[in-house]
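The first residue of the sequence shown is numbered 1, and numbering continues consecutively from there.
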Amino acid sequence: MQNHYNLLYREEEREMLPLCAEADIGVIPWSPLARGYLARPHEAFDATTRGESDDYAREHPYFEGNGREINERVAELADENDASMAQIALAWLLHRDAVDAPIVGTTSIEHLEEAVAALDISLSASDQSWLEEPYEPVSVSGHN
Ligand SMILES: NC(=O)c1ccc[n+]([C@@H]2O[C@H](COP(=O)([O-])OP(=O)(O)OC[C@H]3O[C@@H](n4cnc5c(N)ncnc54)[C@H](OP(=O)(O)O)[C@@H]3O)[C@@H](O)[C@H]2O)c1
């Protein structure tokens with residue numbers, strides 16, 4: 001299953017991920033970094049060429065609900081772990097039992113190297129819960 005799943009879009013947890021687990025279907029989510037929004041501070045989303053021009057990112061519900069607070073918690077945990085925000089967001093996804101491998105978007109070799117290094121980041125159960133806690137249901141997105 002190639003689906004839309006990240007810290008800011010977790011509607012897949014309702015039905016699709018349990019179904020995939022039950023039927024032993026592999027899961028490879030796209031936009032694991034919310035198209036870059038989970039890779040840098042909220043106010044810097046449009047600081048890159050893609051962020052500035054990616055209208056599709058703005059059609060997703062990343063800015064709805066408590067998206068900003070989740071973005072800030074990712075930044076805080078990145079500081080504490082001496083990691084980048086992208087690595088914390090990827091590490092959270094890699095800790096999900098249902099996920100086999102995220103389809104990461106990269107625009108530099110450094111992004112790719114950071115993504116690989118995220119495999120070595122271990123998040124405690126309380127860190128994971130803390131990242132998840134502000135999430136509120138958002139509009140269905142990516143599978144209309
Ligand atoms: N099946 C579908 O419907 C579907 C839909 C969407 C995407 N996809 C596939 O999924 C792939 C990934 O999607 P995506 O590009 O949206 O993934 P993503 O991983 O959520 O976002 C990638 C963006 O995050 C930023 N980034 C990545 N690593 C970073 C790092 N280490 N530090 C700082 N910023 C970092 C970059 O933003 P900047 O470029 O702004 O720096 C990059 O363009 C696509 O290429 C596509 O093949 C499939």
Side-chain angles (χ1 to χ4, degrees), residues 1-121 123 127-144:
M1 176 62 188
Q2 185 177 147
N3 52 352
H4 185 199
Y5 187 41
N6 59 52
L7 263 171
L8 295 172
Y9 185 80
R10 293 175 41 213
E11 300 309 303
E12 293 294 280
E13 292 175 8
R14 295 179 188 283
E15 295 177 1
M16 185 53 73
L17 295 182
L19 172 69
C20 289
E22 190 180 312
D24 204 20
I25 295 169
V27 173
I28 51 170
W30 47 266
S31 294
L33 299 174
R35 304 180 78 90
Y37 182 55
L38 284 170
R40 50 187 179 268
H42 173 89
E43 58 279 8
F45 180 63
D46 58 4
T48 66
T49 303
R50 179 177 178 181
E52 197 180 25
S53 58
D54 189 353
D55 293 335
Y56 197 49
R58 290 169 180 81
E59 287 172 19
H60 285 305
Y62 304 143
F63 305 92
E64 285 178 23
N66 289 331
R68 182 177 186 143
E69 185 171 352
I70 294 168
N71 173 286
E72 287 169 354
R73 290 190 182 200
V74 170
E76 204 172 317
L77 215 52
D79 271 354
E80 282 174 22
N81 285 273
D82 199 20
S84 70
M85 287 180 65
Q87 287 177 315
I88 296 298
L90 284 178
W92 175 83
L93 204 59
L94 290 164
H95 280 69
R96 313 275 56 81
D97 286 342
V99 172
D100 290 283
I103 306 177
V104 185
T106 57
T107 44
S108 71
I109 295 292
E110 288 74 22
H111 287 176
L112 190 58
E113 289 172 346
E114 280 196 15
V116 173
L119 285 162
D120 297 325
I121 295 177
L123 297 178
D127 282 346
Q128 293 174 54
S129 301
W130 186 69
L131 289 171
E132 292 166 10
E133 191 259 335
Y135 186 80
E136 291 177 339
V138 293
S139 321
V140 170
S141 167
H143 299 286
N144 297 326

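Interatomic distance, M1 CE to D100 CG, rounded to the nearest 0.5 Å: 13.0 Å. One distance of note links CG of L8 with CD of E69; it measures 11.5 Å at 0.5 Å rounding.
Look at E59 and R35 and you find no salt bridge, because none of the NZ, NE, NH1 or NH2 atoms lies under 4.0 Å from a carboxylate O. Contact check on R73 versus E76 returns no salt bridge, with no Lys/Arg side-chain nitrogen under 4.0 Å from an Asp/Glu carboxylate oxygen.
Between E11 and Y135, some side-chain heavy-atom pair lies under the 4.5 Å cut-off. For the pair M85 and P41, the minimum side-chain heavy-atom distance is below 4.5 Å. For the pair P137/R14, a side-chain contact is recorded, criterion being any heavy-atom separation below 4.5 Å from C-beta on. Side-chain contact check for R96 versus Y5: some heavy-atom pair is nearer than 4.5 Å. The shortest side-chain heavy-atom distance between L17 and N3 falls under the 4.5 Å cut-off.
E22 CD: 12 or fewer foreign heavy atoms inside a 6.0 Å radius. Counting non-hydrogen atoms of other residues, nucleotides and ligands closer than 6.0 Å to CD of E43 gives a total above 12.
Applying the side chain to side chain donor-acceptor pair (under 3.5 Å) rule to D127 yields the partners S124; only residues at least two apart in sequence or on another chain are considered. Taking E64 as the reference, nothing meets the salt bridge (Lys or Arg N to Asp or Glu O under 4.0 Å) condition, with sequence neighbours excluded. Residues satisfying the ring-ring contact (aromatic ring centres under 6.0 Å, His included) criterion with H4, sequence neighbours excluded, are Y9, W30, H60, Y62.
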